[in-house]
There are 4 protein chains.
Amino acid sequence: MTSHQPRKSAQQGRAKATMAAIVEAAARLLETQGGARLTTNHVAELAGVSIGTLYQYYPNKEAVIAAVLRREKAALLAGFEDIIARGLGPKSTIDALIDATLAHQYTRPRLALALEYIEPELGLLVEDHARDRRLVALVAQVVIEVAPDADARAAQDLVAICRAITNTAAMSGETDPTAIAPRLHRAVSGYLGLHA
Amino acid sequence: MTSHQPRKSAQQGRAKATMAAIVEAAARLLETQGGARLTTNHVAELAGVSIGTLYQYYPNKEAVIAAVLRREKAALLAGFEDIIARGLGPKSTIDALIDATLAHQYTRPRLALALEYIEPELGLLVEDHARDRRLVALVAQVVIEVAPDADARAAQDLVAICRAITNTAAMSGETDPTAIAPRLHRAVSGYLGLHA
Amino acid sequence: MTSHQPRKSAQQGRAKATMAAIVEAAARLLETQGGARLTTNHVAELAGVSIGTLYQYYPNKEAVIAAVLRREKAALLAGFEDIIARGLGPKSTIDALIDATLAHQYTRPRLALALEYIEPELGLLVEDHARDRRLVALVAQVVIEVAPDADARAAQDLVAICRAITNTAAMSGETDPTAIAPRLHRAVSGYLGLHA
Amino acid sequence: MTSHQPRKSAQQGRAKATMAAIVEAAARLLETQGGARLTTNHVAELAGVSIGTLYQYYPNKEAVIAAVLRREKAALLAGFEDIIARGLGPKSTIDALIDATLAHQYTRPRLALALEYIEPELGLLVEDHARDRRLVALVAQVVIEVAPDADARAAQDLVAICRAITNTAAMSGETDPTAIAPRLHRAVSGYLGLHA
DNA sequence: AATGAATGAGCGTTCATTCAT
DNA sequence: CATGAATGAACGCTCATTCAT
């Protein structure tokens with residue numbers, strides 16, 4: 001069973017920079033070619049390192065892609081935690097979370113989409129699923145405040161709903177996030193039974 | 001000019017059975033391995049035919065996958081059309097559509113999921129997109145009756161929402177559709193603003 | 001060791017017609033696609049018979065191509081024999097042979113060229129080489145009359161020269177046989193030391 | 001855009017040796033099996049490298065064969081240029097060119113033959129045709145000195161004649177080049193009308 | 001006989017991965 | 001540490017050939 005964890009902890013600055021370059025190269029190829037056409041040789045070339053170097057930091061191709069996924073998800077989770085930490089009221093918090101989700105998905109929409117498609121074929125690690133659960137848990141924590149008797153799966157459903165609407169919009173060519181935001185808010189409020 | 005249409009119309013009964021066997025084998029591999037690991041040789045083997053036979057009916061790998069997609073989508077669309085034809089009231093129609101979606105998605109949830117992920121990489125034909133639009137149009141037609149001033153994208157969003165909740169549930173291990181149905185109805189009613 | 005002889009002697013008229021259709025179809029494909037792209041299935045289709053029928057008359061692909069070659073060479077040889085039979089003087093005979101060669105090559109120039117390229121890869125039968133030798137012998141017979149002390153290989157060389165000039169001309173895009181004829185006559189007379 | 005140019009410039013010595021080994025292996029297979037039966041896997045195997053290595057240097061099978069062709073033609077052209085550079089009288093130059101052609105063709109006669117048959121199916125590049133034209137131009141330049149009113153196609157014809165006689169001789173089993181040389185000189189002188 | 005569905009060896013090619021330098 | 005030449009399993013696909021109907 002091959003691991004999808006990086007090989008080195010990158011204690012040195014240079015190594016860190018190399019790893020980041022590799023991850024960003026992979027991200028860019030994911031954006032431009034989709035997951036099926038991405039090859040490790042291309043990633044290395046675009047990152048400006050040799051293929052041997054790539055394999056010194058990542059044990060295999062999946063590990064590189066997983067690193068991209070991790071980087072993106074970590075950013076989203078950090079945003080969520082920031083919002084929670086702000087201690088706004090529950091409704092404002094929910095609104096902020098929705099906006100953060102939308103903003104995240106629309107920063108690099110093709111990348112977000114590509115990752116979504118690749119994720120289920122990736123065989124991720126326990127820690128990755130843990131982060132997913134943590135993200136849902138953050139939402140659940142807020143949901144319980146505004147809708148105490150909501151379904152236990154409400155948070156999961158809400159995250160799924162937001163992603164689905166955003167992705168579908170992106171895929172059908174919508175390029176204006178401000179046209180999507182109200183639909184997300186409406187979908188979430190509606191699901192939770194909050195009066196709009 | 002690479003088309004994704006089958007090669008022959010399969011006039012003989014044997015040929016028809018062969019084509020169906022190939023499609024079903026592809027569907028099963030999609031379920032068990034996902035699209036990335038599906039190979040034409042495996043499809044042929046699982047279908048119990050030689051690789052040459054597969055290529056006598058489908059011009060390339062994509063055509064085989066497209067045939068699976070078409071089979072599934074056609075079944076869903078037919079279900080929708082049946083429901084519409086029944087001429088129930090709009091609310092009952094919506095309920096029936098939701099249930100049909102759930103049933104369809106839950107019959108072979110891993111297949112539905114895999115197809116969803118593969119579809120955008122498939123370069124489908126005009127007729128396939130036409131079917132997609134027809135499906136959304138059917139929904140839009142009903143939506144407009146219960147929510148005349150709904151967003152133009154409402155139908156698209158609703159289909160996405162239902163699929164997302166169902167898929168997420170399936171992926172997180174939920175096996176009981178009756179636990180999902182109320183959440184779908186709630187999400188849809190909520191999005192459309194039909195009472196609290 | 002597979003034979004390249006037809007399978008049946010085609011006693012019946014229908015069978016003869018079928019075989020001729022197959023040979024002509026192969027000839028046409030040789031002309032339009034060259035030997036590398038010719039497939040037995042295409043030959044059968046163009047001939048209007050099933051692939052099974054083709055294999056009932058010819059044991060393999062090479063046999064079909066060899067049949068084309070045979071047909072063409074037999075025609076050329078027959079022309080040569082006609083000319084010899086006419087009993088003209090040796091110089092006129094030589095001129096007539098040259099013109100016949102040129103005419104033959106220019107009737108279906110692409111076919112002649114394709115056959116020339118395929119012939120050495122064909123592993124022909126004894127009888128085929130016998131016909132080649134017979135053709136050269138016919139020429140040698142005339143050559144000896146006009147140049148009694150010519151090299152023993154003179155006839156072989158002359159046939160090769162005529163084919164080479166004609167083919168090179170055809171390949172370089174020359175379409176007018178009347179521009180080639182004088183060069184052939186000059187090359188032959190020159191080689192034989194006849195005063196022009 | 002499929003080019004038949006090599007992929008890398010082979011900066012390291014090892015790479016250069018690998019490329020040469022591949023080309024030589026292809027040449028040997030061309031000699032022993034002809035172009036139709038040559039496969040990239042066999043070439044790689046005979047060259048003692050893996051199939052992947054072959055494709056690191058040549059983008060496709062045609063490129064490998066084109067490299068063989070280029071190597072041979074470049075050698076012949078270089079020989080011609082050497083002779084021209086020697087500045088002999090025109091008749092001696094022609095004699096030298098004929099001998100060079102014969103020597104070249106007889107060094108590896110089966111290879112020369114195979115290449116001749118493969119060339120037209122190869123879809124060569126502009127530069128390759130340029131070299132062909134240069135070779136014919138060199139000959140034309142000398143021809144014009146000894147036969148000022150020769151046909152414009154004389155040089156082309158002469159090259160074709162020499163090749164044809166030599167190939168035919170080689171194919172019919174002649175193994176002694178000294179028996180061929182006088183026939184070539186006679187054919188050329190005769191075609192050009194240089195004394196009897 | 002004639003058909004054409006079926007076969008499967010084998011082709012050209014890719015690309016994740018290794019390891020000598 | 002980095003390089004990049006080399007590897008080779010495995011892929012998508014073709015096509016000569018067979019054989020049940």
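A, B, ... follow the sequence lines: proteins, then strands. Residue 1 opens every chain.
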To the nearest angstrom, the OH-P distance between B:Y58 and E:dA5 comes to 14 Å
Sorted by chain and residue number, the side chain to side chain donor-acceptor pair (under 3.5 Å) partners of C:H42 (sequence neighbours excluded) come out as C:T39
Only pairs under 3.5 Å count here: list side-chain donor-acceptor contacts from residues 116-123 of chain D, not counting sequence neighbours, and write none if there are none.
from: D:E116; atom 1: OE1; to: D:N167; atom 2: ND2; distance (Å): 3.2
from: D:E116; atom 1: OE2; to: D:N167; atom 2: ND2; distance (Å): 3.4
from: D:E119; atom 1: OE1; to: D:K73; atom 2: NZ; distance (Å): 3.1
from: D:E119; atom 1: OE2; to: D:K73; atom 2: NZ; distance (Å): 2.7

Quick check: do D:R70 and D:D128 have side-chain heavy atoms less than 4.5 Å from each other? yes
Phosphate oxygens OP1/OP2 of F:dT3: is one of them under 4.0 Å from a side-chain N or O of A:S50?
-> yes
Residues passing the side chain to side chain donor-acceptor pair (under 3.5 Å) test with D:T32, sequence neighbours excluded, are none
When rounded to the nearest 0.5 Å, the distance separating CD1 of B:I22 from CG of B:L54 is 4.5 Å
B:Q56 atom CD is separated from F:dG12 atom P, nearest whole Å, by 19 Å
Between CD of C:E45 and C1' of E:dA2 the distance, given in whole Å, is 17 Å
B:E31 meets the side chain to side chain donor-acceptor pair (under 3.5 Å) criterion, sequence neighbours left out, with B:R108
Writing each nucleotide of DNA chain F 5' to 3' as (, ), [, ], | or . by Watson-Crick or G-U pairing under 3.5 Å yields .||||||||||||||||||||
To the nearest angstrom, the NZ-P distance between B:K16 and E:dA6 comes to 14 Å
Note: contacts of residues 26-38 of chain A with DNA chain E (heavy atom, under 4.0 Å) are A:L38
inquiry  = Please classify the nucleic acid contact of C:T53 as base, sugar-phosphate, or nothing, using heavy-atom distances under 4.0 Å.
reply    = base
From CE of A:M19 across to P of F:dA2 the rounded distance in Å is 12 Å
Whole-Å distance, C:H42 NE2 to F:dT14 C1', equals 11 Å
Residue pairs passing the salt bridge (charged side-chain N to carboxylate O under 4.0 Å, His left out) test with at least one member in residues 40-55 of chain C, sequence neighbours excluded, are none
By side-chain contact (heavy atoms from CB on, under 4.5 Å), B:A67 pairs with (sequence neighbours left out) B:V23, B:Y58
Side chain to side chain donor-acceptor pair (under 3.5 Å) filter on A:R71, not counting sequence neighbours, yields A:E24
Distance col, row D:L111:CG vs D:L115:CG, nearest 0.5 angstrom, shows 4.5 Å
query = Is B:T18 near enough to E:dA6 that one of its side-chain N or O atoms lies under 4.0 angstrom from OP1 or OP2?
reply = yes
A:A21 meets the side-chain contact (heavy atoms from CB on, under 4.5 Å) criterion, sequence neighbours left out, with A:A47
Whole-Å distance, C:I22 CD1 to F:dA16 P, equals 14 Å
Can you tell me if A:Y57 touches the phosphate of F:dC1, counting only side-chain N or O atoms and a distance under 4.0 Å to OP1 or OP2? no
Close N/O contacts between protein and nucleotides 17-21 of chain E (under 3.5 Å):
from: E:dT17; atom 1: OP2; to: A:Y55; atom 2: OH; distance (Å): 3.0
from: E:dT17; atom 1: OP2; to: A:K61; atom 2: N; distance (Å): 2.9

Comparing nearest nucleotides in DNA chain E, the 5'-proximal residue of the pair A:T39, B:L54 is B:L54
Across all chains, not counting sequence neighbours, the side-chain contact (heavy atoms from CB on, under 4.5 Å) partners of A:T40 are A:I51, A:Y55, A:K61
